[in-house]
J.: 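One structure coming up, written as structure tokens, with questions to follow.
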Amino acid sequence: QVQLVESGGGLVQAGGSLRLSCAVSGQAFSSRTMGWFRQAPGIGREFVAAQWSGGIIRYSDSVKGRFTISKNNAENTLYLQMSSLKFEDTAVYYCAAQGLMERRMETMTSSTAYAYWGQGTQVTVSS
């Protein structure tokens, strides 16, 4: 079983930075595709960033150039460094992991391809 626990959310002014962490327990962290998604009130869960098991990284257009996803395989931790935050980045941010059988790179941006989810951490950006 894989468990994910996010931390690092909070309140920040527009233009500021935050770093989200996702501690992952379970097997084969380094072999899994990992992603970050977010959900704002009244809006469906949207893709933010992901790192495919083969190393390729993808970002949504809305965060490209401002957010950075990274994995520390030694610590079984996924990070999302967020800079130049905007009011519209306000959302609950979720960490997610794909199952080991999912190897298709094209699924890395799709929430339905992720089998394991954290509880979410709130990020609020004040304008």
Side-chain angles (χ1 to χ4, degrees):
Q1 186 70 7
V2 179
Q3 293 184 326
L4 299 86
V5 179
E6 303 99 333
S7 61
L11 174 64
V12 62
Q13 287 189 332
S17 299
L18 279 176
R19 188 177 78 159
L20 304 184
S21 300
C22 175
V24 182
S25 63
Q27 294 180 338
F29 171 75
S30 62
S31 300
R32 296 183 186 274
T33 294
M34 299 292 301
W36 288 98
F37 293 78
R38 66 186 181 186
Q39 187 163 15
I43 300 175
R45 192 166 295 187
E46 67 169 344
F47 168 74
V48 175
Q51 183 166 344
W52 180 53
S53 56
I56 298 294
I57 288 176
R58 292 280 186 267
Y59 297 98
S60 69
D61 288 342
S62 61
V63 308
K64 197 174 297 181
R66 301 187 298 120
F67 290 12
T68 302
I69 187 173
S70 60
K71 292 175 69 179
N72 184 324
N73 291 329
E75 296 183 355
N76 275 23
T77 304
L78 181 73
Y79 298 101
L80 184 68
Q81 178 68 48
M82 306 186 294
S83 303
S84 302
L85 282 161
K86 305 175 181 180
F87 175 76
E88 50 266 39
D89 294 319
T90 296
V92 177
Y93 283 71
Y94 296 91
C95 171
Q98 290 192 349
L100 291 174
M101 297 302 292
E102 180 54 80
R103 295 299 189 187
R104 296 170 296 168
M105 188 177 69
E106 62 267 28
T107 68
M108 64 193 290
T109 63
S110 173
S111 62
T112 59
Y114 288 78
Y116 307 98
W117 292 84
Q119 82 287 353
T121 186
Q122 176 71 45
V123 172
T124 302
V125 183
S126 62
S127 58

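Keep in mind that this is a model prediction, so the values were computed, not measured. Nothing fancy with the numbering, it's 1 onward along the sequence.
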J.: Count the heavy atoms of every other residue, nucleotide or ligand shown that sit under 6.0 Å from CD of Gln27, and state whether that count exceeds 12.
T.: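 12 or below, so no.
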J.: Looking at CG of Leu85 and OG of Ser126, how far apart are the two atoms once the value is rounded to the nearest 0.5 Å?
T.: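 It is 10.0 Å, given to the nearest 0.5 Å.
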J.: Quick one: does Thr121's side chain get under 4.5 Å of Leu20's, heavy atoms only?
T.: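 Yes, at least one pair of side-chain atoms sits under 4.5 Å.
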J.: For the atom pair OG (Ser17) and CZ (Phe67), what is the distance rounded to the nearest 0.5 Å?
T.: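 Output value for this atom pair is 9.5 Å.
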J.: Are Leu78 and Ile69 side-chain neighbours, meaning at least one heavy-atom pair lies under 4.5 Å?
T.: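 Of all side-chain heavy-atom pairs linking Ile69 with Leu78, at least one is under 4.5 Å.
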J.: What I'd like to find out is whether the side chain of Leu80 reaches to under 4.5 Å of the side chain of Tyr93, using heavy atoms alone.
T.: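 Sidechains of Tyr93 and Leu80: in contact.
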J.: Do the two ring centres, one from Phe37 and one from Tyr94, sit under 6.0 Å apart?
T.: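 Not under 6.0 Å, so no.
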J.: Got Met34 and Leu4 here, is their nearest side-chain heavy-atom distance under 4.5 Å?
T.: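 Yes - at least one pair of side-chain heavy atoms lies under 4.5 Å apart.
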J.: Quick one: which of Asp89, Leu18, Thr124 gives a side-chain contact (heavy atoms from CB on, under 4.5 Å) with Val12?
T.: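 Between Val12 and the candidates, side-chain contact (heavy atoms from CB on, under 4.5 Å) is satisfied uniquely by Leu18.
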J.: Between Cys22 and Trp36, is any pair of side-chain heavy atoms under 4.5 Å apart?
T.: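 Cys22 reaches Trp36 side chain to side chain.
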J.: Are the side chain of Thr33 and the backbone N or O of Ser53 linked by a donor-acceptor pair below 3.5 Å?
T.: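 Yes; judged by distance alone, with no hydrogens or angles, the pair exists.
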J.: Looking at Arg104, is its backbone amide N or carbonyl O close enough to the side chain of Glu102 to form a donor-acceptor pair, meaning the two atoms are under 3.5 Å apart?
T.: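 Such a contact is found between Glu102 side chain and Arg104 backbone.
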J.: Taking Gln119's backbone N and O only, do any of them form a donor-acceptor pair with Glu6's side chain (distance below 3.5 Å, no angle check)?
T.: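 Judged by distance alone, yes, a pair lies under 3.5 Å.
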J.: Is there a donor-acceptor contact under 3.5 Å from the side chain of Trp52 to the main chain of Arg58?
T.: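 Flag not set: sc Trp52 to bb Arg58 has no pair under 3.5 Å.
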J.: In terms of hydrophobic clusters joined by side-chain contacts under 4.5 Å, are Ile57 and Val48 together?
T.: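 Yes, one cluster joins them.
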J.: Using modelled atom types and a 3.5 Å cut-off, is there a donor and acceptor pairing between side-chain atoms of Arg38 and backbone atoms of Ala91?
T.: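 Absent.
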J.: Report yes or no: does Tyr114 contribute a side-chain atom to a donor-acceptor pair with the main-chain N or O of Cys95 at less than 3.5 Å?
T.: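 Checking the backbone N and O of Cys95 against the side chain of Tyr114, no donor-acceptor pair under 3.5 Å is found.
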J.: Using a 6.0 Å distance limit plus a 45 degree cone around the ring axis, check whether Arg45 lies over the aromatic ring of Trp117.
T.: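 Yes, a cation-pi geometry.
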J.: Tell me whether Arg19 forms a cation-pi arrangement with Tyr79, defined as NZ or CZ under 6.0 Å from the six-membered ring centre and within 45 degrees of its axis.
T.: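 Ring-cation test returns yes.
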J.: Could you tell me which non-hydrogen atom of Thr90 sits nearest to which non-hydrogen atom of Ala40, and how far apart they are?
T.: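 Shortest heavy-atom contact: O-CB, 3.7 Å.
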J.: Any idea which heavy atoms bring Phe47 and Thr109 closest together, and the distance?
T.: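 Closest approach of Phe47 to Thr109: CB-O, 3.5 Å.
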J.: Give a yes or no on this: more than 12 heavy atoms of other residues, nucleotides or ligands lie within 6.0 Å of atom CD of Gln122.
T.: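 Atom CD in Gln122 is crowded, with more than 12 foreign heavy atoms closer than 6.0 Å.
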J.: What is the minimum heavy-atom distance between Gly99 and Arg32, and which atoms define it?
T.: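 Of all heavy-atom pairs spanning Gly99 and Arg32, the closest is CA-NH1, 3.6 Å.
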J.: Is there a donor-acceptor contact under 3.5 Å linking the side chains of Gln98 and Thr107?
T.: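 Yes, a side-chain donor-acceptor pair sits under 3.5 Å.
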J.: Answer yes or no: is there a side-chain heavy-atom contact under 4.5 Å between Met108 and Gln51?
T.: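 The answer is no; the side chains never approach within 4.5 Å.
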J.: What do the steps show when you test Met82 against Thr68 for side chain to side chain contact (heavy atoms under 4.5 Å, CB included), and what is the final call?
T.: CA-CA 7 Å; Met82 306 186 294; Thr68 302; over 6 Å; no
J.: Any donor and acceptor pair, going by atom type alone, linking the side chain of Thr77 with main-chain N or O of Glu75 inside 3.5 Å?
T.: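 Here the side-chain-to-backbone pair exists.
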J.: Could you tell me whether Asp61 and Lys64 have a side-chain N and a carboxylate O separated by less than 4.0 Å?
T.: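 Salt bridge present between Asp61 and Lys64.
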J.: Report yes if the side chains of Arg103 and Ser31 come closer than 4.5 Å at any heavy-atom pair, otherwise no.
T.: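 The answer is yes; the side chains approach within 4.5 Å.
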J.: Check whether more than 12 heavy atoms from other residues, nucleotides or ligands sit under 6.0 Å from atom CD of Glu106, and answer yes or no.
T.: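 Yes.
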J.: Honestly, is Lys71 close enough over Phe29, meaning NZ or CZ under 6.0 Å from the six-membered ring centre and within 45° of the axis?
T.: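 That pair qualifies as a cation-pi contact.
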